[in-house]
Chemist: 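Here it is, the structure, as structure tokens.
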Amino acid sequence: MCNFLLLLTLIFVLAKLFGLIAWSWLLVFMPLIVMIAVLVLFIGLGIAIGLHED
């Protein structure tokens, strides 16, 4: 999943740089942003569960 989102981000960046898409940079980096958000969510849940067990 992680590799797919990184590859998708790379494809979007290259397409934006070569003028194939006219999206905003926010949309171009959206797969990377989603991956970071999911990672932060999992870390937060892990910390919350760990604190709850103590």
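None of these values were measured; they are calculated from a predicted model.
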Chemist: How many angstroms lie between atom OG1 of T9 and atom CG of L14, to the nearest 0.5 angstrom?
Modeler: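 It comes to 11.0 Å.
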Chemist: Sequence neighbours excluded and cut-off under 3.5 Å, please list the side-chain donor-acceptor pairs for residues 17-42, or say none.
Modeler:
{"from": "S24", "atom 1": "OG", "to": "L27", "atom 2": "N", "distance (Å)": "3.4"}

Chemist: Any link between L8 and L6 through a network of hydrophobic side chains (Ile, Leu, Val, Met, Phe, Trp, Tyr) touching at under 4.5 Å?
Modeler: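 Yes, same cluster.
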